[in-house]
Amino acid sequence: MHRKENGGSGRRTWRNKGSNSFTARIIRCATTSRRRMQEDDDDDDDRLPSSPAQQGDDSSKQQHQVSAKAFSFRELAEAAGSFRQEQLIGEGGFGRVYKARLQQAEQQVVVAVKQLDRNGFQGNGEFVVEVLMLSMLHHPNLVNLIGYCAEGEQRLLVYEYMALGSLEDHLLLVGARPVLPWRTRMRIAHGAAQGLRYLHDRGVIYRDLKSSNILLQQDYSPRLSDFGLARLQEPSSSSDNNNNSSTSNHSNPNKVMGTYGYCAPEYLRTGKLSAKSDVYSFGVLLLELITGRRAIDATRPDGEQSLVGWFAASSSDPTNSHLVDPRLVISMQSPPASELKQAVGVAAMCLQEHHALRPEMADVVMALSFLAAAAHPN
């Protein structure tokens with residue numbers, strides 16, 4: 001099950017906008033978003049501005065919010081080899097991703113170009129959100145947005161190229177890649193947690209954490225991608241992650257968005273969204289890393305198709321050995337009992353039914369830092 005869509009099932013139509021008008025729209029969106037952000041430490045240059053630029057201020061401050069470059073469709077088509085099949089490196093409900101080479105200064109840079117399908121899951125609103133978010137947010141564990149194209153009905157995003165693809169490719173596609181070592185898995189979990197903590201510290205709820213949205217660099221360090229569903233927390237709850245009254249969609253259950261198997265139970269029931277919804281999704285992801293199982297797998301026997309349900313029903317074994325990915329066991333790379341116990345404990349805390357009992361991402365980062373730096377050789 002993929003994202004739920006708003007509206008009907010007919011063909012999507014996008015308003016014909018040039019790149020200049022689209023950039024202006026992004027700047028207006030950034031100004032509106034900044035008004036909603038909770039006022040923060042003015043000396044911290046890495047945080048989102050708490051208020052829009054005032055008249056007479058240095059205009060470069062506002063332009064900095066739109067760091068992504070506007071490309072023409074022709075420029076990106078040439079860079080991606082006219083979007084031929086051999087350039088295709090990924091495909092999903094949003095559209096297709098192509099490997100491309102852009103000329104920058106005096107050298108060619110390898111990038112990934114995502115061409116959105118007008119009939120796909122990611123609409124124009126999500127496209128705007130992604131450009132806005134990734135123009136305002138910068139962290140080593142977030143994918144770097146280089147630019148976009150909003151020419152006519154074309155909607156394309158240009159990212160840095162991630163040579164190793166997604167975590168899903170390595171973890172869940174059996175036989176496609178070598179087995180991910182335990183320590184590498186914990187480093188990926190730690191990096192993803194750091195990315196989420198960065199977002200939560202700035203009042204942003206990611207809302208679509210899953211293995212296919214985690215891209216891997218050459219050294220397996222992770223970067224969160226696909227920010228079309230990301231939302232700002234309301235200022236009244238940005239400073240209190242234990243408050244579940246925050247909602248990006250006015251508590252309308254019909255607008256629940258995300259991926260089945262990763263969504264927090266209270267979000268599915270009520271449509272109310274908070275940072276603790278992301279924490280739950282992270283717990284599911286951590287279980288995937290531990291077990292090598294998908295969040296939802298219809299090919300498994302009854303009682304095992306939901307990873308969280310299977311985990312809850314089989315948690316009586318104190319050794320947790322049954323949870324270890326069989327591929328790690330076969331390759332004689334099983335984690336030490338102490339590390340496995342700690343990883344399972346973190347996952348269990350993140351998956352608490354009641355949102356208030358889940359930890360904040362800062363605590364998760366701290367707990368996983370020991371596992372990521374463990375001396376266990378792999």
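All residue numbers in this chain count up from 1 along the given sequence. Side chains included, hydrogens not; waters and symmetry mates left out as well; all remaining heavy atoms used. All of these numbers come straight from a predicted model, not from anything done at the bench.
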With R96, the side-chain hydrogen bond (donor to acceptor under 3.5 Å, both in side chains) member among E91, Q115, Q87: E91
Would K114 and Y159 count as a side-chain contact (heavy atoms from CB on, under 4.5 Å) here? Give the steps. CA-CA 8 Å; K114 181 164 75 172; Y159 303 98; 3.4 Å; yes
When you group the ILVMFWY residues by side-chain heavy-atom contacts below 4.5 Å and let the links chain together, are L289 and V365 in the same group? no
L268, L357: one ILVMFWY side-chain cluster at the under-4.5 Å cut-off? no
Could you check whether any side-chain N or O of [X] sits under 3.5 Å from a backbone N or O of [Y], counting only pairs where one atom can act as donor and the other as acceptor?
X    : Y    : answer
E160 : I146 : no
S82  : R84  : no
D208 : L229 : no
S225 : N213 : yes
R300 : D297 : no
Y267 : M257 : yes

Between atom [atom1] of [X] and atom [atom2] of [Y], what is the distance when rounded to the nearest 0.5 Å?
X    : Y    : atom1 : atom2 : result
I188 : R223 : CD1   : CZ    : 14.0 Å
Y148 : L134 : OH    : CG    : 13.0 Å
S314 : N320 : OG    : CG    : 8.5 Å
L76  : L102 : CG    : CG    : 6.5 Å
L323 : R293 : CG    : CZ    : 8.5 Å
N141 : Q194 : CG    : CD    : 5.0 Å

Does a side-chain heavy-atom distance below 4.5 Å link [X] with [Y]?
X    : Y    : value
S277 : E266 : yes
F83  : L156 : yes
V113 : V97  : no
V364 : C350 : yes
D201 : R197 : yes
L216 : S166 : no
I296 : T259 : no
E151 : R74  : no

Which heavy atom in [X] sits nearest to a heavy atom in [Y], and how many Å separate them?
X    : Y    : result
L199 : L137 : CD2-CD1, 3.6 Å
A192 : L285 : CB-CD2, 4.3 Å
G283 : A347 : O-CB, 4.1 Å
W182 : A343 : CH2-CB, 3.8 Å
R358 : Q352 : NE-O, 2.8 Å
L328 : L180 : CD2-O, 3.4 Å

Decide, yes or no, whether a salt bridge links [X] with [Y] under the criterion of side-chain N to carboxylate O below 4.0 Å.
X    : Y    : value
E288 : K210 : no
E130 : R155 : no
D325 : R185 : yes
E126 : R207 : no

Can you name the side-chain hydrogen bond (donor to acceptor under 3.5 Å, both in side chains) partners of D219, sequence neighbours left out? S221
Show your working on side-chain contact (heavy atoms from CB on, under 4.5 Å) between L164 and H170 and close with a plain yes or no. CA-CA 8 Å; L164 297 184; H170 295 262; 3.7 Å; yes
Classify the angle between the aromatic ring planes of H139 and Y198 as parallel (below 30°), tilted (30 to 60°) or perpendicular (above 60°). tilted
Anything under 30° is parallel, anything over 60° is perpendicular, the rest tilted; go ahead and classify H322 against W310. perpendicular
Please determine whether side-chain contact (heavy atoms from CB on, under 4.5 Å) holds for the pair R177 and D169, giving the CA-CA distance in whole Å, both sets of side-chain angles, and the decisive distance to 0.1 Å. CA-CA 7 Å; R177 310 279 179 131; D169 297 336; 4.1 Å; yes
Determine whether more than 12 heavy atoms belonging to other residues, nucleotides or ligands lie under 6.0 Å from atom CE of M349. yes
Could you check Q333 against S331 for side chain to side chain donor-acceptor pair (under 3.5 Å), going step by step and ending with a plain yes or no? CA-CA 5 Å; Q333 298 183 63; S331 60; 3.0 Å; yes
Decide yes or no on ring pair (Phe, Tyr, Trp, His ring centres under 6.0 Å) for F227 and Y206, but give the supporting numbers first. CA-CA 7 Å; F227 282 73; Y206 183 41; 5.0 Å; yes
Run R294 and E168 through side-chain contact (heavy atoms from CB on, under 4.5 Å) and show every step you take. CA-CA 9 Å; R294 292 183 178 275; E168 180 184 43; 3.0 Å; yes
